[in-house]
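Numbered from 1 within each chain, the chains take letters A, B, ... in sequence-line order.
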2 protein chains.
Amino acid sequence: MVGQLAADSIERRSGVSLWRQIADKILHAIAIGDFAENAALPPEVALAERYGVNRHTVRSAIAALVQEGVLRAEQGRGTFVLSRKRLSYPIGARTRFSAGLQGQASERHIVLLASSVEPASQRVAEGLGLARGTNVIRLETRGEADGRPVSRAAGWFEARRFAGIDAAMAQTGSITASLARFGIDDYLRQSTMLSARHADAADLADLDLQPGAIVLVTVAVNVTPDGQPIQFSESRFPAERVELKLSAL
Amino acid sequence: MVGQLAADSIERRSGVSLWRQIADKILHAIAIGDFAENAALPPEVALAERYGVNRHTVRSAIAALVQEGVLRAEQGRGTFVLSRKRLSYPIGARTRFSAGLQGQASERHIVLLASSVEPASQRVAEGLGLARGTNVIRLETRGEADGRPVSRAAGWFEARRFAGIDAAMAQTGSITASLARFGIDDYLRQSTMLSARHADAADLADLDLQPGAIVLVTVAVNVTPDGQPIQFSESRFPAERVELKLSAL
DNA sequence: TATAGTTGTCTATATCAATAGACAAATTTA
DNA sequence: TAAATTTGTCTATTGATATAGACAACTATA
């Protein structure tokens with residue numbers, strides 16, 4: 001069976017180019033499983049007709065997705081899907097990166113990109129229940145599954161209580177393991193705020209995205225089982241590679 | 001205090017025009033509360049300098065937001081913020097439209113846009129635990145808060161069990177009240193999948209959005225307290241007006 | 001009432017995005 | 001092998017996007 005592509009129209013003079021809109025549609029179709037891995041896309045002329053655009057416009061969209069590593073074009077044969085559908089990242093009471101992606105990716109880990117000590121901003125202080133300006137440690141991390149970046153996060157911890165968590169993080173590649181060194185053997189997700197926006201320049205670089213991509217943004221507070229805030233975090237997930245599965249929390 | 005606007009750079013030849021990217025940034029800044037209601041935006045020349053673009057490009061962005069009802073420009077005085085920050089829509093075990101927005105909007109209701117009976121598609125059948133092709137009632141609805149569209153949803157119910165729910169919905173303007181007529185006095189959110197994408201033509205029209213806008217998409221199943229699926233739904237929320245608050249479920 | 005600061009309008013130019021058509025190059029199929 | 005199908009490349013044209021500069025119109029303030 002040939003994959004389905006939504007026939008609904010695309011918007012002209014919207015500030016988003018037609019090729020970008022078409023690329024998004026193809027990504028979406030792949031993400032929801034309309035095209036299996038290695039499946040052939042409809043030929044360029046068919047796509048052009050379906051969307052009511054010129055063949056060259058479709059070619060621009062395909063070129064972007066080839067560049068992005070999603071498609072592979074072969075002269076004379078066709079254009080084929082490389083990447084599989086989106087990962088499903090569970091968010092619940094016990095949100096854990098590696099455990100959550102178990103079964104969906106054979107290799108998963110968190111890379112520590114940078115760390116620093118800084119005075120808590122308004123929202124970080126509020127989230128952690130600290131006075132504004134209290135020193136906090138910020139960990140900048142990237143989550144990877146089978147070598148693909150699937151999340152980019154900043155996490156804040158009270159500096160006094162968690163001195164050295166940056167080194168622990170670099171060593172273990174796991175938040176859970178790092179917190180264990182500070183006597184925290186369990187922690188719960190207290191709250192999660194969720195929004196979405198276009199990826200900014202930093203997101204594009206860190207997550208290996210193409211301009212115009214969308215990121216899901218979660219802002220969360222983790223607490224000990226008795227309700228003491230230990231971590232405030234903001235995570236970005238590329239919407240084209242990840243969807244969030246909200247489970248019991 | 002002058003509001004903060006992220007200084008991070010914007011992407012050229014990304015398929016998303018510069019004016020659209022700048023408009024998104026301003027929207028984001030307003031949404032996270034960097035500009036209060038009626039606050040003045042920095043002057044056009046300052047914005048142009050901050051983003052490294054021409055003043056006319058900034059003007060295009062502002063023009064789009066004025067058109068959208070977010071900003072108001074006054075010659076000789078400045079450009080001012082009209083709309084408030086995003087609504088926070090709670091998603092949890094008992095996700096209810098009206099109750100969830102209580103305190104954030106004085107008036108909230110659901111409008112029934114259309115309804116139909118159709119054979120269940122693959123995913124609807126799976127969600128409701130029915131055989132594919134079983135007749136289901138589809139309700140197309142729009143959620144409004146203080147007159148602004150904040151959600152657009154399609155809900156599916158087994159046609160046999162819920163015959164007449166469309167009329168009930170049109171009459172009551174509430175899913176909860178409509179289900180009560182069928183003897184369901186309580187229901188729970190069983191699962192929620194969350195993703196994000198660009199708004200399509202239908203979203204733009206139904207939610208009164210400008211092209212290029214982003215929508216958050218939830219796909220959920222509601223069940224009776226004893227676990228019987230009663231409703232499968234797909235909802236779209238405009239990311240510029242709504243963020244999702246994930247609470248205990 | 002000047003003056004400075006701000007948005008609004010106009011002209012001009014360069015680049016990107018999209019359309020149009022033709023044909024080459026590679027692959028598959030009859 | 002020949003024909004059909006598909007992606008790749010080229011030229012040309014049009015409209016949208018972005019830059020640049022100048023000045024008008026309006027507002028607030030010294």
**OP:** Check DNA chain D against residues 66-80 of chain B and give the residues with a non-hydrogen atom under 4.0 Å, in numerical order.
**Re:** B:Q75, B:G76, B:R77
Original post:
Got a sec, which residues hit side-chain contact (heavy atoms from CB on, under 4.5 Å) with B:Q122, two or more places apart in sequence or on another chain?
Top reply: B:E126, B:R132
Original post:
Nearest-Å distance, OH (B:Y51) to P (D:dT19)?
Top reply: 14 Å
**OP:** Calculate the interatomic distance between B:L18 atom CG and D:dA18 atom C1'; express it in whole Å.
**Re:** 7 Å
Subject >> Note: A:R142-A:E144 ion pair, threshold 4.0 Å (strictly below) >> reply: yes
**OP:** For B:R20 and D:dA18, give me the distance from atom CZ to atom P, rounded to whole Å.
**Re:** 11 Å
**OP:** Would you mind checking if A:E234 and A:R123 are paired as a salt bridge, meaning a charged N to carboxylate O distance below 4.0 Å?
**Re:** yes
Original post:
Given atom CD of B:E49 and atom C1' of D:dA20, what is their separation to the nearest angstrom?
Top reply: 16 Å
**OP:** Identify, with sequence neighbours excluded, every residue that meets side-chain contact (heavy atoms from CB on, under 4.5 Å) alongside A:T79.
**Re:** A:L41, A:I62, A:L71, A:A73
Original post:
Does a salt bridge link B:R86 with B:E240, judged by any charged N lying under 4.0 Å from a carboxylate O?
Top reply: no
**OP:** Return the 5'-most residue of the pair B:H56, B:S60 with respect to DNA chain D, ranking by each residue's nearest nucleotide.
**Re:** B:S60
Original post:
Touch check for B:V53, heavy atoms < 4.0 angstrom, all strands: base, sugar-phosphate only, or nothing?
Top reply: sugar-phosphate
**OP:** Between B:E44 and B:V16, just flag the one whose closest nucleotide in DNA chain C comes earlier from the 5' side.
**Re:** B:E44
Original post:
Restricting to pairs with a member in residues 65-80 of chain A, which pass salt bridge (charged side-chain N to carboxylate O under 4.0 Å, His left out), not counting sequence neighbours?
Top reply: A:R72-A:E74, A:E74-A:R77
Original post:
On DNA chain C, which is the earliest and which the latest nucleotide, 5' to 3', with an atom closer than 4.0 Å to a heavy atom of chain A?
Top reply: C:dA17 to C:dT28
Subject >> B:E49 atom CD, neighbour heavy-atom count above 12 within 6.0 Å >> reply: no
**OP:** Could you tell me whether the side chain of B:Q104 and the main chain of B:S88 form a donor-acceptor pair under 3.5 Å?
**Re:** yes
Subject >> Residues in ring-ring contact (aromatic ring centres under 6.0 Å, His included) contact with B:W156, at least two apart in sequence or another chain >> reply: B:F232
Original post:
Which whole-number value in Å describes the distance from A:L47 CG to D:dT7 C1'?
Top reply: 13 Å
Original post:
Atom CH2 of A:W19 and atom C1' of D:dT17: how far apart are they, to the nearest Å?
Top reply: 14 Å
